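In what follows, a single structure is set out as structure tokens and then discussed.
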Number of protein chains: 2
Amino acid sequence: MRADARKNYEHLLAVARVVVTEEGADASLRDIARRAGVGLGTMYRHFPTRETLFEALLRTGFDELAANAEKLQAADSPGDALVSWLREFVACAHNYRGVIDSMVAAIEDPDSALHASCTTMKAAGARLLARAQAEGAARTDIDGTDLYALGGALAWVGDQPALSSRVDHLFTLITGAILTPRSTHT
Amino acid sequence: MRADARKNYEHLLAVARVVVTEEGADASLRDIARRAGVGLGTMYRHFPTRETLFEALLRTGFDELAANAEKLQAADSPGDALVSWLREFVACAHNYRGVIDSMVAAIEDPDSALHASCTTMKAAGARLLARAQAEGAARTDIDGTDLYALGGALAWVGDQPALSSRVDHLFTLITGAILTPRSTHT
DNA sequence: ACCTGAACACCGTTCAAGT
DNA sequence: ACCTGAACACCGTTCAAGT
């Protein structure tokens, strides 16, 4: 990439970080280009798709999440490890209001720029879940897709101004339901 | 209301039902007016706001839900009554993809056309929850807002094509977590 | 009373023309 | 190679003009 192009790319990304934080996932791409002082075509050249932009914005969080999953795979308590990963997943998605929808849709859309990242993340969560299940720490009637759905649902709750104050509380409720082995039911 | 106006209103509503079912909550109002063969101003006269349209679309479901809540208030098992109401709530919201966001935002926005309906619904759910709690059938560390949030989260899951197949399963998981009294924890 | 559609200010996306 | 901005087809919202 040419030096000027790289500079444009970085600047667009920095501006997008601000605008998407403010306006959420349906922020105006035109507005981002404008505020970056760059032609509209440049925006589309670097980020041909809205998902491409999200992927770049979420890149850091995704990588951290993957690295952390690796570490947690060897943690003492597989139950705690699972909960800790899910918390980070929710926080990562909640970073930009509304992106969770794209992160979910990407799972079934191989053409999405988010497909690879999200599939990897889902697999990492599934591995942590499987280990917890193998050690009897998590209920065995759910799989990686259910886990991803629950994390997504919590991120969605966090995105709603009227509900966001409850997200920690409901996180505890839901992880409690995941961790409680079925053998302790009444 | 004049006869011709009433006719336009009914027709717009019928067309909107089709279009919003197809396209979801962010369907084009212009397109609805066009497909109804009506001027754009007529659309705005009858439904000055997107929420006004949603309110009319959801009216029937809301009324049924309210009537059902009344009946369930006297049901034998307050736990089953709560679960049954929540299931109907989720189904009602899931009727039109994406409306759940407006139904949630309306709770804190007195100016929304959905405010009255949604506040009433939330209160009905809260009453059923309170009865279940009083009889020891539901955990006591959640309130009506938490219940509304959980129902909303499930409706959101149902709205995502990649996740909708899990909504029944996750409904069971979540209602299980609501109903399990804390006294049975390990 | 009610309806119409032009007008305005936006948007996403593409692409010929420039450097 | 890369950038620009006009052009196109949309959108929500308002409002003067019609019946």
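Only this structure's heavy atoms are used, side chains among them; waters, hydrogens and symmetry mates stay out. Chain naming here is simple, since letters A, B, ... match the order of the sequence lines and numbering starts at 1 in each. Quantities reported herein were computed from a predicted structural model and do not represent experimental measurements.
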Problem set entry | Base-pair map of DNA chain C as dot-bracket, where | denotes pairing with a different strand and pairs are Watson-Crick or G-U under 3.5 Å | ||.|||||...|||||.||

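Of the candidates C:dA7, D:dC3, C:dT13, C:dA7 carries the atom nearest the B:R30 side chain, counting heavy atoms from C-beta on. Comparing D:dG12, C:dT4, C:dC11 by their closest approach to the side chain of B:Y44 singles out D:dG12. For A:H46, counting side-chain heavy atoms from C-beta on, the closest listed nucleotide (C:dC3, D:dC3, C:dT13) is D:dC3. Candidate nucleotides C:dC2, C:dC11, C:dT4 were compared by shortest atom distance to the side chain of A:D31, and C:dC11 ranks first.
In this structure, A:H46 and A:Y9 have perpendicular ring planes: the angle between them is above 60°, well past the 30° mark.
At the heavy-atom level, B:A33 lies nowhere under 4.0 Å from the strands shown. Within the nucleic acid shown, B:R50 comes within 4.0 Å of sugar-phosphate atoms alone, with no base atom in reach, counting heavy atoms only. As judged by a 4.0 angstrom heavy-atom cut-off over every strand, B:S28 is placed among residues touching the sugar-phosphate backbone only.
Atom CE in B:M1 sits roughly 8 Å away from atom P in C:dC2 (whole-Å rounding). Per the geometry, CG belonging to A:L40 stands 16 Å off C1' belonging to C:dA17, to the nearest Å. Whole-Å rounding puts the B:R34 CZ to D:dC11 P distance at 5 Å.
Between C:dC2 and B:N8, no contact under 4.0 Å exists linking OP1 or OP2 to a side-chain N or O. For D:dC2, neither phosphate oxygen OP1 nor OP2 lies less than 4.0 angstrom from any side-chain nitrogen or oxygen of A:R2.
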